[in-house]
Amino acid sequence: MPELPEVETFRRSLLQGEKGSPSILGKLIRDAELLWNRTLAFPEPEEFLERVQGQYVTGVGRRGKNLLISLSRSTLIIHLRMSGELIVEEKTNPPGKHYRLILNFSDPYRLAFNNIRKFGRVWLTSNPDSIIGHLGLEPLAEDFSPETLYQLLHSRSRQLKYFLLDQRMIAGLGNIYTDETLYRARLHPARRSNTLSQEEAHSLWKSMREVLREAINNQGSSIDWMYQGGDYQKYLSVYNLEGKPCKRCQTPIKRIKIAQRSTYFCPKCQPLPE
DNA sequence: ACGAGCGCCTGTCGGC
DNA sequence: TGCCGACAGGCGCTCG
């Protein structure tokens with residue numbers, strides 16, 4: 001499911017709470033239940049269950065698509081992958097069918113990791129860099145400049161779709177927001193990264209940040225039955241819109257496969273130069 | 001260096 | 001109605 005805007009939305013609701021569920025900040029973890037062993041990437045289940053209990057939640061951060069829940073003595077890193085979501089609710093609720101990990105707090109609440117497709121992963125570590133150290137630039141960071149992006153684009157010769165999906169380059173974009181970004185920047189997804197001019201790189205930089213900010217302001221996108229949080233799907237320009245007229249020129253949106261992923265673009269607005 | 005193909009999983013949807 | 005393939009907000013691995 002989630003890309004940067006959806007993960008950021010989870011981060012904010014864990015931190016601030018929302019209707020019906022409180023913030024998890026300051027809560028004490030009494031114990032944990034692991035319901036699908038492979039959810040845990042590190043450490044081994046026994047050690048995890050023993051180490052996590054008795055720790056307080058001291059913060060909730062994000063790096064790319066990873067959630068970082070700071071505890072008193074270590075950090076809980078959660079990657080939701082395709083179908084994960086986090087739920088804060090009263091412990092008396094019947095547990096969901098796809099709950100994979102539950103943290104029970106010392107008060108009436110729990111944090112549940114719901115994960116239909118079982119791809120999501122959780123780490124408990126005192127050295128977050130060993131897990132997320134490979135990630136690239138944070139696209140909304142203050143110090144992420146158009147010039148930095150231009151240099152990075154020219155350090156490789158990748159198709160833009162591959163470039164933007166590669167978390168070692170820029171961390172946080174997935175299939176929806178790469179297509180939306182490229183549409184806004186009027187760049188073809190198969191365009192080679194090192195052929196962009198300064199102006200084109202600047203346009204890509206601006207488009208990426210606009211798209212992500214707008215999505216965050218709408219609590220992300222909910223495009224099917226999986227995630228029902230946000231509203232941004234109403235504003236998508238190309239993703240999942242094969243055959244629909246381009247908003248700018250009315251040309252039907254095309255769908256192709258790049259990186260084994262459906263890739264949507266306007267063949268007129270996003271031409272591929274020789 | 002680059003990218004194709006596949007595996008990991010459960011569920012939905014459309015075609016026949 | 002039932003079956004079957006295609007497809008889904010991700011990513012790590014192998015291979016050429």
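Per chain, numbering begins at 1; letters A, B, ... match sequence-line order.
Of the candidates dC9(B), dC11(C), dG11(B), dC11(C) carries the atom nearest the R81(A) side chain, counting heavy atoms from C-beta on. Checked against dC11(C), dC2(B), dC9(B), the side chain of R117(A) finds its nearest nucleotide in dC9(B). Minimum atom distance to the side chain of H79(A) is reached by dC11(C), of the listed dC11(C), dT10(B), dA8(C).
Nearest-nucleotide assignment on DNA chain B puts the 5′-proximal partner with R156(A), out of R156(A) and Q260(A).
Considering only side-chain N and O atoms, R158(A) lies under 4.0 angstrom from the phosphate OP1 or OP2 of dG3(B). An OP1 or OP2 oxygen of dT10(B) is reached within less than 4.0 angstrom by no side-chain nitrogen or oxygen of H98(A). In this structure, K97(A) does not reach the dT10(B) phosphate: none of its side-chain N or O atoms is under 4.0 Å from OP1 or OP2. A close approach under 4.0 Å does occur between a side-chain nitrogen or oxygen of S262(A) and OP1 or OP2 of dA8(C). For the OP1/OP2 pair of dT10(B) and a distance below 4.0 Å, the side-chain nitrogens and oxygens of K118(A) include at least one atom meeting the criterion. In terms of phosphate contacts, K257(A) brings a side-chain nitrogen or oxygen within less than 4.0 Å of OP1 or OP2 of dA8(C).
Side-chain contact of S262(A) with R255(A): a donor-acceptor pair under 3.5 Å is present, judged by distance alone. Remark: the N114(A) side chain and the E85(A) side chain contain an N/O donor-acceptor pair separated by less than 3.5 Å.
Using a 4.0 Å heavy-atom criterion, one finds that R192(A) contacts the sugar-phosphate atoms exclusively. No contact: K161(A) has no heavy atom under 4.0 Å from any strand.
Classified by interplanar angle (parallel below 30°, tilted 30° to 60°, perpendicular above 60°), the ring pair Y239(A)/Y264(A) is perpendicular.
Judged by centroid separation below 5.5 Å and plane tilt below 30°, F119(A) stacks onto the base of dC8(B).
The partner of dG14(B), taking Watson-Crick or G-U wobble pairs whose two distances both stay under 3.5 Å, is dC4(C).
Following rounding to the nearest Å, K65(A) (NZ) and dC11(C) (P) show an atom-to-atom distance of 4 Å.
The CG atom of N175(A) sits 6.0 Å away from atom OG1 of T263(A), with the distance rounded to the nearest 0.5 Å.
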